[in-house]
Amino acid sequence: MAYILGLWDGHDSGAALIEDGKVVFAANEERYTKRKLEIKFPYNAISNALEFAGIKPSDVETIAFPTTELTKTISRVFPNQKEAYYKFRRRKIPKPRMERLMHYYKYATTTIGVLPLCDSVSKSVIDRQLKHIGFSKFKLYSIDHHMAHAATAAFTSGIDHALVITLDGLGDGLSGSISVLENGKLERKATIPARDSIGIFYEQVTNLVGMRELEDEGKVMAMADYSFPFPFEENKLKDFYSVDGIKIRAKYGPVKQYQMLDRLLWTIPREQFAYMAQQLLEKIESELVANAISHFGIDSVVFSGGIMSNVKANMRIREIDALKKWYIFPHMGDGGIALGAAMYADYQTRGTHSYEFENAYLGNSYNEDRILQALKEEANVSYQLDSDRFNHAAELIDNDEYVFWFNGRMEYGPRALGDRSILANAGSDTVKDKLNTYVKQREWYQPFAPSILRDDAEQLLENVKGHDRFMTMAYAIQKDKKEVMKSVVHVDLTARPQMVGEENRDYMELIKAVKNRTGFGVVLNTSFNIHGSPIVASPQDALLTMKKTKTRYMFLGEYFVENNEAAK
Ligand SMILES: [Fe+2]
C-alpha cells in the first residue's frame, strides 16, 4: 500500500494522509494544541493521522509539504521569530512600539518569492523534524503553494473539465493562479503576483479597523452590511484595484497601499470602510472570474485559497450568468494545503487527479468505549444511552434550548458541519443571545448560520443550484421565510447555509426530526467551541467545554449527557 503524507507547518498547520488514491485522514494542529490557527510543526496532527490509519512512520514512503518562499524558509530556520510574529498578528501582546515598522517589513518582503537555496534549506529543516519523530525512508517533495491550493479544488470537485482559480494573501510569490483541468492534466495558465494581492488588501483593511489579520476577515465582511450602501462610483477605494483581462492589478505596492489606506481611514467611519473594501473585493473577484470564463471558454470553475472564505463575494460569483458549474474546496485557506500538497505529490508520482470527496468528515472519531471512558472520568454529569437521540435533540431545540452535538468524525476545515456542532432553533427570538452570553461571545453583528435539508433548500433560499454541502456561499433567503430563520439570517437577509443530504445521514435524520416539530427542515448550526478556541476534537474536549460554559444538554455519540452544574 502506498501512503502519502502531506504536512503544512505555517498558519493553521496540519497533516493529511492519502492511501492508494483515497483520503484517509486530515486535520489541523490547532485541534490538538488548543491554540487557534496554530503555526507550530504539526506533530500531533501527524501522529493522529498515523494512529487513525493504524500505521507506523516507516510505512510512509512519500511526504510532501508546500511553500518554500524566503520568509517561510527563514521562519523554519528561526521558529522563535515565527512564534513572536504569531503573537503580534493575533494581538496577543500589547501593541509593540515598532508596530508600524513590523508591518512595513512584512509588506516589503511580501513580493519576494522563492529564491535559490530556499527549497533545499526548507527541505533539510523538515527532513530533520520528520526523522526526529521516527520517519526514516521517505522521499520528500516540496510543492508550490498555489499548486497545493489548486490541487484541493481540482481533484475533489468531481468535475473533470474545469477552470481552477486560486486566490489568497500570498504564497511562493503569488496571490493567485488560473489553471485548467482537462483529460486528467492540471496545467497552470496564468498567475497573479503577490504585489497585486487583493488578499493582502483585505488583510490590511482588517488590521486597520482594529481587528486580527487572518482571523477576523469574516467580521469585516459582516460589519460591511451595517454601512449605508452607496454606489461604486463613490467608493473611495475604487481605484486601488482593477482587472485587466485575466490579471488583477493593484495601484500601489503593499507598503504604499497600507499607508494610503491608513490615511484614508482617518476620514471614513469603520463600517463604511469595511463596506468599501467588501464592495471592491466583490467587483474585482467577479470580474476576474467572468473574464477567465470567456478567455478560456470553460464555464465550470472550481476555487480554493483564503479569499474564497468570503461567502458574500462567492455569492456574487455564483450570480455570474456564464458560470454553469462551481465548487469551492471547503478548507480553502492555508489550513487545507497539507492535503493539497499530498494530492499534488500523488498527481505527480501516480497521476491521481480525482478523489471521492462526498463530505469533509476526515478527522478523529471515537468509539463508544472511548466516549464512555471520558464520561466516567467526569464528575457531576449524568448520562445514558439514548436510542431516540434525534427526536430527543429535536424536542430540546424546539423548546428553545441549545444542544451540543458531537457525532462521528471531526470536520476538516473552518466550519462545523454537524459532527462537532452547537445546534438551536433557527426561528428563535432568544437563543442567539443565550448562545452569545454563555458560549460564543461573538460580536452582535456576526450572524449565525443554518443547516438546511437539501430537499428544503429551494423552499427557504433563493437561487439554489446544486447541493452546497460545505457552507461556502451566501444565499438570499425567501422573503416569506424571515420569521422561521430569524436567528440565522444576516441584516441584509442573506444566510450562509449548509445543505444537508446523504453525506451525513445522522445529521439529516436530526434535522428531519426538527422539521416534524417546527414544519421546516432548518436548524441554527454554530461550531462547537468557546469563543477564541478551536473546535473540539475529543469527548474530553466536549465535556470540558460543557463544564466551562455551564451548558445543560449534550449528545455525545449515542449518549445523552446532562450537566448537573448547568446554569438554570
Ligand atoms: Fe494560501
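Basis for what follows: all heavy atoms, side chains included, without hydrogens, waters or symmetry-related copies. Atoms within a ligand are numbered from 1 in the order they appear, just like the ligands themselves.
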* To do: Spell out, as yes or no, whether a donor-acceptor pair under 3.5 Å connects the side chain of D172 to the backbone of E69.
  => yes
* Asked: Which residue pairs pass the side chain to side chain donor-acceptor pair (under 3.5 Å) test with at least one member in residues 287-299, sequence neighbours excluded?
  -> K283-E287
* Structure fact -> Residues at least two apart in sequence or cross-chain that pass side-chain hydrogen bond (donor to acceptor under 3.5 Å, both in side chains) with N235, listed by chain then number, are Q279
* Asked: Can you list the residues that meet the side-chain contact (heavy atoms from CB on, under 4.5 Å) rule with S124, with sequence neighbours excluded?
  -> none
* Parallel under 30°, tilted from 30 to 60°, perpendicular over 60°: which one fits the rings of Y107 and Y258? -> tilted
* To do: For D541 and S538, indicate whether the former's side chain and the latter's backbone hold a donor-acceptor pair under 3.5 Å.
  => yes
* Could you please give the number of protein N/O/S atoms within less than 2.8 Å of the Fe ion (ligand 1)? => 4
